Amino acid sequence: MRELDSVETVGVVGAGTMGNGIAQVAATAGYDVVMRDLEPEYVESGLEAIESNLSRLVDRGDLTESSAAEIADRVRGTTDLDAVADADLVVEAVLEELTLKRDVFADLDRIVDDDVVLATNTSTLSITRIAAATERPELVVGIHFMNPVPVMDGVEVVVGERTDTAVAALAHEFANDLGKETWEADDKPGFVSNRILMPWINEGIRAYDEGVATKEDIDRGMKLGTNVPMGPLELADHIGLDVCLNATETLHEELGDRYKPAYLLRRKVDAGDLGKKTGRGFHEY
Ligand code: NAD
């Protein structure tokens with residue numbers, strides 16, 4: 001296994017919400033980053049997101065202009081998967097689909113050196129199933145960043161059936177090096193975070209659908225009553241209702257009826273009201 005002190009270049013596969021956030025925090029910690037997406041416009045929009053985040057930090061006085069420029073310079077965008085071949089550590093952040101992730105891991109397994117750790121940012125899929133698409137399952141681990149990556153302090157390390165303990169340790173060490181605190185979960189559906197969060201959100205949606213309270217009062221009640229920063233409906237809009245539905249469906253398939261997605265969640269997604277990203281979910285934005 002390649003140790004963290006010999007990691008210079010981090011490959012990030014996927015330049016979307018999570019991929020560009022991971023690329024940003026890795027570059028900020030001093031790593032060179034190769035960030036790959038499928039189309040030039042996706043790569044470009046990932047790079048633009050990083051630049052706009054960095055310039056916000058400059059405006060707030062948290063970063064100098066020259067450091068921001070250096071960080072941005074450390075991220076190279078590409079559509080060429082082979083450009084990730086020289087990475088010393090790879091973090092995958094493509095869409096949450098098992099077949100797609102397995103294909104990406106099979107490709108990465110072929111092109112990167114045999115001692116390189118391959119991490120996935122999956123929210124709910126099995127690390128063990130993703131790892132089984134490679135010839136190096138002991139070097140595959142979950143490094144589950146939270147959204148928005150540059151803002152959230154926590155990272156969940158997920159250990160698959162074949163993940164080597166040294167690889168799990170490296171995942172913690174890498175996340176710590178990016179300024180994150182970590183916790184560890186076994187490769188069971190939803191890990192710690194989504195196994196507990198998704199039913200909370202789902203029950204909030206059911207309570208709204210069944211007329212227990214207005215959507216505002218459900219959010220207000222949970223914020224004031226349990227001291228969380230966002231209520232379930234507001235948080236669902238923030239995450240994306242499609243993402244919540246997908247995660248809840250996975251939990252439902254794996255863990256049975258207690259995780260069955262709320263009817264209203266499915267109806268909202270069918271209507272294209274996905275939350276903040278489309279301007280309308282449970283609340284209007
Ligand atoms: P996203 O849709 O914003 O980005 C995914 C990107 O992957 C897209 O730009 C897509 O073009 C790209 N992609 C698809 N196939 C690819 C391939 N073969 N090679 C390179 N790029 C490819 O999604 P996201 O929200 O960034 O989620 C990414 C992963 O992170 C998912 O597994 C998700 O479950 C997980 N995650 C998401 C959140 C969240 O709140 N959004 C939080 C934690 C974890």
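Every value quoted in this text rests on a predicted model; they were computed, and no experiment measured them.
- A chain of hydrophobic side-chain contacts below 4.5 Å, direct or via other Ile, Leu, Val, Met, Phe, Trp or Tyr residues, connects Val43 to Leu54.
- Side-chain contact between Pro232 and Glu203 is absent, with no heavy-atom pair separated by less than 4.5 Å.
- Note that the CE atom of Met18 and the OG1 atom of Thr122 stand 10.5 Å from one another [nearest 0.5 Å].
- A donor-acceptor pair under 3.5 Å is formed between the side chain of Asn176 and the backbone N or O of Lys180.
- A heavy-atom distance below 4.5 Å is found between the side chains of Glu249 and Arg266.
- Both Leu100 and Ile111 belong to a common hydrophobic cluster when Ile, Leu, Val, Met, Phe, Trp and Tyr are linked at side-chain heavy-atom distances under 4.5 angstrom.
- Val91 and Val155 end up in the same hydrophobic cluster when Ile, Leu, Val, Met, Phe, Trp and Tyr side chains are linked at under 4.5 Å.
- Contact of the Val158 side chain with the Glu184 side chain is not registered, since no non-hydrogen atoms from C-beta on lie closer than 4.5 Å.
- Contact check for Arg76 versus Asp32: no side-chain heavy atoms found under the 4.5 Å cut-off.
- Side chain of Asp219 to backbone of Glu234: a donor-acceptor contact under 3.5 angstrom is found.
- Counting heavy atoms from C-beta on, the side chains of Val141 and Val157 come closer than 4.5 Å.
- In the hydrophobic cluster analysis, where Ile, Leu, Val, Met, Phe, Trp and Tyr join through side-chain heavy atoms closer than 4.5 angstrom, Leu63 is grouped together with Ile22.
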